[in-house]
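Computed from heavy atoms alone, side chains included, the values below leave out hydrogens, waters and symmetry copies. All of these numbers come straight from a predicted model, not from anything done at the bench.
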Protein chains: 4
Amino acid sequence: MIVQLKRSASQKDYDTIVKYLEDRGLSVKDVRSDHVIVFGVIGDISGTDPRDLYAFEAVENVTRVSTPFKRASRAFHPEDTIIHVTPNVAIGNTLFTVIAGPCSIESEKQLDASAKTVKEAGGHILRGGAFKPRTSPYSFQGLGVEGLKLLRKTADKYGLAAVSEIPSADLVEVFEEYVDIIQVGARNMQNFHLLKALSTASKPIMLKRGLSATIEEWLMAAEYIMAGGNQNVILCERGIRTFEKYTRNTLDISAVLAVQELSHLPVIVDPSHAAGRWNMIEKLSHASLAVGASGLMVEIHPDPANALSDGAQSLKFDTFASLMDTITALSSSFGKRLS
Amino acid sequence: MIVQLKRSASQKDYDTIVKYLEDRGLSVKDVRSDHVIVFGVIGDISGTDPRDLYAFEAVENVTRVSTPFKRASRAFHPEDTIIHVTPNVAIGNTLFTVIAGPCSIESEKQLDASAKTVKEAGGHILRGGAFKPRTSPYSFQGLGVEGLKLLRKTADKYGLAAVSEIPSADLVEVFEEYVDIIQVGARNMQNFHLLKALSTASKPIMLKRGLSATIEEWLMAAEYIMAGGNQNVILCERGIRTFEKYTRNTLDISAVLAVQELSHLPVIVDPSHAAGRWNMIEKLSHASLAVGASGLMVEIHPDPANALSDGAQSLKFDTFASLMDTITALSSSFGKRLS
Amino acid sequence: MIVQLKRSASQKDYDTIVKYLEDRGLSVKDVRSDHVIVFGVIGDISGTDPRDLYAFEAVENVTRVSTPFKRASRAFHPEDTIIHVTPNVAIGNTLFTVIAGPCSIESEKQLDASAKTVKEAGGHILRGGAFKPRTSPYSFQGLGVEGLKLLRKTADKYGLAAVSEIPSADLVEVFEEYVDIIQVGARNMQNFHLLKALSTASKPIMLKRGLSATIEEWLMAAEYIMAGGNQNVILCERGIRTFEKYTRNTLDISAVLAVQELSHLPVIVDPSHAAGRWNMIEKLSHASLAVGASGLMVEIHPDPANALSDGAQSLKFDTFASLMDTITALSSSFGKRLS
Amino acid sequence: MIVQLKRSASQKDYDTIVKYLEDRGLSVKDVRSDHVIVFGVIGDISGTDPRDLYAFEAVENVTRVSTPFKRASRAFHPEDTIIHVTPNVAIGNTLFTVIAGPCSIESEKQLDASAKTVKEAGGHILRGGAFKPRTSPYSFQGLGVEGLKLLRKTADKYGLAAVSEIPSADLVEVFEEYVDIIQVGARNMQNFHLLKALSTASKPIMLKRGLSATIEEWLMAAEYIMAGGNQNVILCERGIRTFEKYTRNTLDISAVLAVQELSHLPVIVDPSHAAGRWNMIEKLSHASLAVGASGLMVEIHPDPANALSDGAQSLKFDTFASLMDTITALSSSFGKRLS
């Protein structure tokens with residue numbers, strides 16, 4: 001942490017702040033020049049918010065130099081983490097893992113047809129929403145636990161792993177029972193109560209990036225889960241909010257590269273939510289493969305126009321199969337393999 | 001809802017979409033011109049997400065014309081809502097209600113001194129965080145239920161109402177027991193599971209605006225609470241995320257005006273979180289009064305430099321007292337009264 | 001400037017970077033701890049872009065600690081600058097100066113009626129666009145030099161000063177002849193060629209904040225003008241782009257406070273462009289006065305519905321007169337005076 | 001254009017607005033339902049800003065349904081445009097054209113070495129800045145016309161085409177003389193005076209996307225150039241400003257897809273400015289190829305650490321050569337060819 005004082009700061013101001021830091025077990029190294037009073041703060045500041053120092057009127061500027069996350073950091077763990085989801089399915093390093101399925105689980109028939117397609121096309125994990133976080137209270141809210149049971153049963157039938165989004169901390173046990181990966185939605189990325197509950201869960205967590213979260217905030221949310229003991233976190237880039245409205249969100253493709261520099265955790269891409277337009281999904285999937293993502297999460301539906309949610313961004317089955325073909329063909333050019 | 005088709009759309013495309021809408025009880029009125037195929041959709045679309053229509057390839061653009069919220073809307077309820085928090089404290093219309101207290105409840109001594117200051121300076125409601133949503137898992141997380149009990153006891157001692165932030169749905173009953181207003185934090189504004197749980201709570205809800213939420217999304221979150229039966233929602237503007245980093249967030253002062261046009265619900269301002277700098281709070285409070293906000297929420301602390309959270313944005317007691325003096329003196333010029 | 005190296009940095013990396021800096025006349029003070037290699041860079045870095053150091057692979061992070069602007073900085077010039085526009089009109093410190101007039105100059109009749117209203121209501125400066133930066137090439141583009149002549153003549157008739165927006169560097173002499181303040185539009189805030197041309201102009205410059213500019217970038221644009229010799233820069237906050245679409249832009253009211261902390265230059269507010277809605281202008285003007293702005297720029301029109309541009313945000317004459325009445329009545333409460 | 005009136009609108013309000021529209025040669029088709037008064041406006045609205053209607057107090061909402069650009073629109077010109085830059089170099093359709101060179105032209109030696117590398121590696125166009133738009137007035141500002149002459153001479157020596165950024169309208173003739181493509185920088189995207197001057201230029205224009213511009217605003221800027229007669233516009237996506245600070249900007253890779261849907265103009269990607277980090281450039285280049293961009297613009301430098309600008313994002317020569325090898329190898333998989 002680097003602290004810069006105002007030009008108007010007195011020696012007494014300086015002494016007070018130094019004492020405050022020393023009382024917290026930190027030490028100070030002065031780097032002042034003729035014009036600027038600056039010092040470095042040395043020691044463990046993981047429990048300190050640099051902003052707190054602004055409570056001292058004499059402080060001009062505080063800059064953190066170490067990253068606020070540890071367990072999620074590549075400096076802490078240089079090798080790529082590979083997450084073993086089931087005996088047959090893993091995510092990370094040179095693997096390219098494909099998650100697909102409907103936005104919402106609507107019926108056994110719809111889910112079964114989707115799972116069959118995922119399996120036959122070469123996908124690995126079945127997705128399906130059972131508790132839907134809809135922005136309108138008047139929209140379809142999901143089948144709840146019945147949906148989870150259906151997801152488990154269908155995934156097992158086709159030899160797929162299963163993932164679904166958890167809405168709140170009190171459902172952790174239920175999710176542990178029925179899914180292989182517990183998803184945290186973008187709007188819950190900083191629901192710290194939920195993150196803490198998941199930090200002791202027995203299943204891997206897929207953590208979507210918040211709508212306007214920075215990469216550091218995203219990795220800090222992963223740190224919350226890891227700090228409690230659960231080291232199995234998969235990150236999912238799903239687009240961020242920008243001024244552009246032609247697409248639903250803006251896919252931040254360089255975030256994949258940034259995460260790989262900063263962290264050892266695998267990062268996958270959800271082009272469906274990023275673009276919100278089914279016709280962009282294939283090319284954005286190719287781009288995700290090209291930058292080295294660890295996989296994709298794609299929405300598919302037997303009849304998008306009659307989907308109860310997210311029809312606009314769902315692929316038809318044959319389009320998905322064709323996407324899987326091109327992904328498979330291209331993967332080795334980018335050092336990835338689908339199984 | 002207005003639907004525009006692509007130039008390439010065929011009559012069959014048109015018929016399919018019209019049938020889809022009619023099957024949902026809606027009717028269609030054509031407004032096409034020579035160049036553009038456009039039609040209006042008439043009927044109750046509250047359960048429909050306009051985006052769903054993009055699942056039809058022939059659709060170019062869908063625009064909603066009615067607001068997606070009803071109970072929160074001024075069209076639905078033209079008069080200003082006044083929320084009666086306790087027999088002595090209300091929020092709305094010409095009242096200007098002041099909420100103050102520490103960011104986190106740290107000790108009985110700290111809270112008692114804060115409450116005494118709030119009361120003597122003419123404030124109405126005591127705030128204090130018991131469950132703190134900290135971005136780092138290594139930061140102080142709050143006193144929990146013990147904090148809530150302390151808040152209740154101290155508020156009662158000084159004849160103040162009490163407000164605190166709820167972290168998750170399973171704590172609704174506890175909060176109903178100890179506070180007069182249940183606060184939903186900015187990061188939980190779209191935690192729909194929590195909003196639903198609060199929609200049947202017996203206490204008013206103070207709903208903070210999300211970090212990058214639009215006003216429509218914010219009112220839609222209020223609608224979630226109201227749809228379940230709880231009509232007592234107070235909105236709180238606390239700054240939005242922008243590119244500007246000199247301030248912690250950017251206070252959107254025109255949002256107060258926008259909410260007053262669109263909704264009958266009272267809206268207050270939290271200048272502490274908006275600016276993140278204690279020395280801006282007085283002037284931003286004056287600005288809030290000037291645009292007609294229904295009140296303020298301000299952080300105060302006996303010793304900001306040693307606060308366990310948010311010291312940088314907390315007022316010292318004498319600065320708060322002086323703020324209350326200027327607010328009281330100015331209020332009548334802006335058609336407001338503090339009691 | 002504080003430089004942090006990667007954990008993987010070797011002593012040779014360190015030495016190379018230190019030599020690079022020393023070759024540029026800078027010196028280095030080490031503040032490394034056990035975990036992090038960090039050093040401060042001391043000396044004049046005004047010609048150096050901190051980003052350049054990222055060209056060294058071993059660099060993790062570079063943080064500037066001094067502000068990049070000097071002449072615009074309050075540290076350099078602690079007293080408020082007062083800009084003398086004409087013998088009768090000044091801007092800054094305790095003055096509250098009102099600029100008003102039509103968005104575009106459309107005709108002598110329209111401008112004359114507007115100027116009469118401005119003068120009678122107590123305004124100081126007449127605004128009027130002659131070269132309009134319209135987003136569509138098919139929209140009205142302004143009367144050009146004829147418009148400027150009309151502006152001069154009309155301002156003189158009513159004893160007002162005159163301001164208009166300059167579209168490009170080759171028109172500086174023409175603007176110097178006809179106006180008292182040369183306005184730089186938001187879209188030209190980083191048109192450095194234009195800023196340089198204005199840095200030797202004989203008239204004060206009113207510099208609007210760019211649509212998504214930070215305060216630092218804005219002050220850096222002022223520095224461009226001042227570096228060439230023209231110290232008379234008036235800043236104008238006109239709203240920034242955010243995700244909120246109810247208002248045209250989002251008025252950043254705390255930017256007024258931030259500028260006053262960082263700079264000695266006067267800052268005024270343009271609520272017309274910020275809100276884009278005439279019915280918000282009065283209250284936003286009061287808020288601007290409340291935070292201590294040095295004045296306002298407001299669009300007025302005799303018949304907003306038939307204005308050739310910006311009708312939606314233009315005040316009718318009687319609404320403007322009433323705004324001036326309330327501003328005048330409130331000004332002394334906020335330590336300001338209109339003349 | 002679809003217009004919605006407020007619930008409080010009277011028949012007289014309705015009639016006034018309809019008359020206003022009819023006076024402008026437009027006609028109105030009513031689509032009102034029981035709850036909402038809505039009508040479509042039919043006719044040529046290209047000279048009308050929909051916002052103008054908000055000047056009528058009874059208007060709730062105005063929505064444009066046709067795109068505001070015509071010449072730039074794919075609806076107007078369904079086939080991909082191919083821009084013939086020189087007899088040997090073209091951009092568009094299945095071509096993948098590579099532009100490379102230093103950020104700033106610093107010396108003949110530096111430029112010559114760069115051009116040699118570009119040519120030998122298989123690139124097509126030499127870039128080099130002669131007039132640099134630096135955010136600080138104290139930074140290196142470029143060699144000016146001498147730089148342009150050097151660029152021309154060096155490009156000719158190696159059989160490359162040449163591109164450089166123009167700072168202002170008065171230099172159009174000079175640029176026409178020395179370069180093959182005139183570049184408009186991101187900060188000048190809405191410098192309408194410059195766009196108009198370029199609309200009659202004899203050379204193709206490369207139009208960079210503004211820092212926080214929407215795709216519609218970008219295409220509208222292209223329309224400005226095309227409206228004056230110059231149909232040869234190449235679009236360049238160079239990253240947009242977001243909250244993420246790890247990268248300099250955020251590459252909006254889906255913008256390439258959006259532009260291809262909305263327009264017939266070619267769009268290339270500048271990964272150097274988008275990421276601001278040289279080590280991300282190769283993978284972002286692959287992603288650009290994967291989504292079907294028409295080419296790349298990449299910064300290279302013989303000695304990035306000693307570059308006078310943008311060293312952090314410049315590739316060394318051997319890294320560039322290796323990038324060209326992988327691009328060439330991958331291109332046919334994505335239906336592109338480099339010559």
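For D/Ile240, the part lying under 4.5 angstrom from a heavy atom of chain A is the side chain only. At a 4.5 Å heavy-atom cutoff, D/Ala275 makes no contact with chain A through either its backbone or its side chain. The contact between D/Arg277 and chain A is made entirely by side chain atoms (from C-beta outward), counting heavy-atom distances below 4.5 Å. Looking at D/Ser212, the atoms closer than 4.5 Å to chain A (heavy atoms on both sides) sit in the backbone and in the side chain alike.
Considering CZ of A/Phe243 and CD1 of D/Ile215, their distance stands at 14.0 Å, rounded to 0.5 Å. Distance check, rounded to the nearest 0.5 Å: CD of D/Glu244 to CD of A/Glu217 gives 9.0 Å.
Taking 4.5 Å as the heavy-atom cut-off, the residues of residues 246-253 of chain A that approach chain D are A/Tyr246, A/Thr247, A/Thr250, A/Leu251, A/Asp252, A/Ile253, ordered by number. Heavy-atom neighbours of chain D within the stretch residues 319-339 of chain A, taken at a separation under 4.5 angstrom, comprise A/Leu330, A/Ser333, A/Phe334.
Annotation: maximal heavy-atom pairing with chain D below 4.5 Å, among A/Ser288, A/Ala255, A/Ala258, A/Pro271, occurs at A/Ala258. Comparing A/Lys245, A/Met280, A/Arg241 by how many heavy-atom pairs each has under 4.5 Å with chain D, the most go to A/Met280. Of the listed residues (A/Ala290, A/Ala213, A/Gly292, A/Ser285), the greatest number of heavy-atom pairs within a distance under 4.5 Å of chain D belongs to A/Ala290.
Across every non-hydrogen atom of D/Lys283 and A/Leu257, the tightest pair is CD-CD2, 3.5 Å.
Residues D/Glu261 and A/Asn279 are in side-chain contact: their nearest non-hydrogen atoms beyond the backbone lie under 4.5 Å apart.
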